[in-house]
Amino acid sequence: MAGSPPVDSQAAGPYERANAGASIMIIAIDGPAASGKGTLARRVAAHFGLPHLDTGLLYRATAAALIDADRSPHDVEAATAAARGLALTDFDEAHLRQRAMGEAASVVAAIPEVRKALAQAQRDFAHRPGGAVLDGRDIGTAICPDADVKLFVTASPATRAQRRALELASRGEKVTYADVLADIEKRDARDSGRADAPLKAASDAHVLDTTRMGPEEAFEAAVAAIEAARAKQIPTAVG
Ligand code: DC
């Protein structure tokens with residue numbers, strides 16, 4: 001695997017400026033498809049002045065390499081080679097965020113060899129000096145079980161389907177709500193049912209159900225949970 005993962009936010013945010021010299025902070029944000037974890041992770045990263053990695057993009061890029069080469073996402077050998085050869089610097093997000101890529105990403109993500117090929121780059125990203133925010137399915141359980149703060153962001157399948165249908169429509173994809181809901185239910189079942197690092201909340205995760213929350217409220221709840229975890233951590237770090 002070559003290059004370094006895409007970084008959304010490296011600028012010092014208000015928290016980092018106010019807390020210069022504070023200890024490393026790894027924030028793991030997991031949750032099912034279209035739960036809003038990506039948007040939340042980007043905002044949290046900007047707020048705390050931390051780099052952010054959307055780990056779903058790694059699985060989407062692996063899937064895209066196969067689809068673009070006319071290979072099946074079920075092809076274990078080809079999927080493993082694609083994951084190992086991923087160039088992490090030049091992701092075409094508009095391409096990777098298409099509906100078909102999400103579905104194929106969930107298929108390649110169930111292949112243990114693919115997960116193994118992508119794990120180290122994620123761990124290296126998390127353990128950068130100062131910390132990082134990573135969002136995905138298994139960050140708090142498998143990639144960073146040592147994360148300082150773990151959030152599990154969820155919402156009802158109907159709410160997630162509404163949000164995803166709007167997002168896909170805004171990108172110009174012609175989709176019906178019913179199709180998107182069916183995709184989400186299928187992906188939830190595959191992501192939660194796989195043997196290797198299935199989607200689930202870590203036992204020490206703070207669960208954030210955003211079914212009845214707007215993005216602002218979800219962000220405020222996330223920051224409050226992170227601040228609370230930090231407040232518990234600081235006496236230990238100091239003495
Ligand atoms: O978050 P997303 O929808 O972009 O993720 C696409 C797929 O990638 C998802 O259905 C399962 C897989 N994935 C994973 O298995 N582990 C992660 N840490 C992130 C994504």
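Order of listing sets the numbers, starting from 1, for every ligand and every atom in it.
Between the side chains of D138 and T141, no donor N or O sits under 3.5 Å from an acceptor N or O. Side-chain contact, S106 with D191: a donor N or O sits under 3.5 Å from an acceptor N or O. In summary, the side chains of T210 and R163 do present a donor paired with an acceptor at a separation below 3.5 Å, with no hydrogens or angles considered.
Looking at R164 next to ligand 1, no N or O pair under 3.5 Å apart turns up. The N/O atoms of R137, backbone and side chain alike, include one that comes under 3.5 Å of an N/O atom in ligand 1. At a 3.5 angstrom cut-off on N or O pairs, R97 does not count as close to ligand 1. Considering both main-chain and side-chain atoms, Q122 never comes within under 3.5 Å of ligand 1 through any nitrogen or oxygen pair.
Applying the 4.0 Å criterion to heavy atoms of R115 picks out, from ligand 1, the atoms 14 (C), 15 (O), 16 (N). Counting atoms of ligand 1 from 1 in the listed order, those under 4.0 Å from a heavy atom of A109 are 12 (C), 15 (O).
Ranking protein heavy atoms by distance to atom 8 (O) of ligand 1, first place goes to Y59 CB, 3.5 Å. In terms of protein heavy-atom proximity, atom 19 (C) of ligand 1 is closest to T55 OG1, 3.4 Å. Here the protein heavy atom with the shortest distance to atom 4 (O) of ligand 1 is R60 NE, 2.6 Å.
Nearest-residue assignment for atom 6 (C) of ligand 1 (options K37, R187, R190; heavy-atom criterion): R187.
Listed by chain and number, the residues in a salt bridge (Lys or Arg N to Asp or Glu O under 4.0 Å) with R71 are D75 (sequence neighbours excluded). By the side-chain hydrogen bond (donor to acceptor under 3.5 Å, both in side chains) test, E103 is found to be paired with K186, R190, residues two or more places apart in sequence or in another chain being considered.
If you look at A33 next to ligand 1, there are no close heavy atoms at all, none under 4.0 Å.
Checking side-chain atoms of R60 against main-chain N and O of L96 turns up a donor-acceptor pair under 3.5 Å.
Not a single heavy atom of E103 sits closer than 4.0 Å to an atom of ligand 1.
Judged by a 6.0 Å distance limit and a 45° cone about the ring axis, R123 is not positioned over the six-membered ring of F125.
A salt bridge is defined here as a Lys NZ or Arg NE, NH1 or NH2 lying under 4.0 Å from an Asp or Glu carboxylate O, and D188 with R160 meets this definition.
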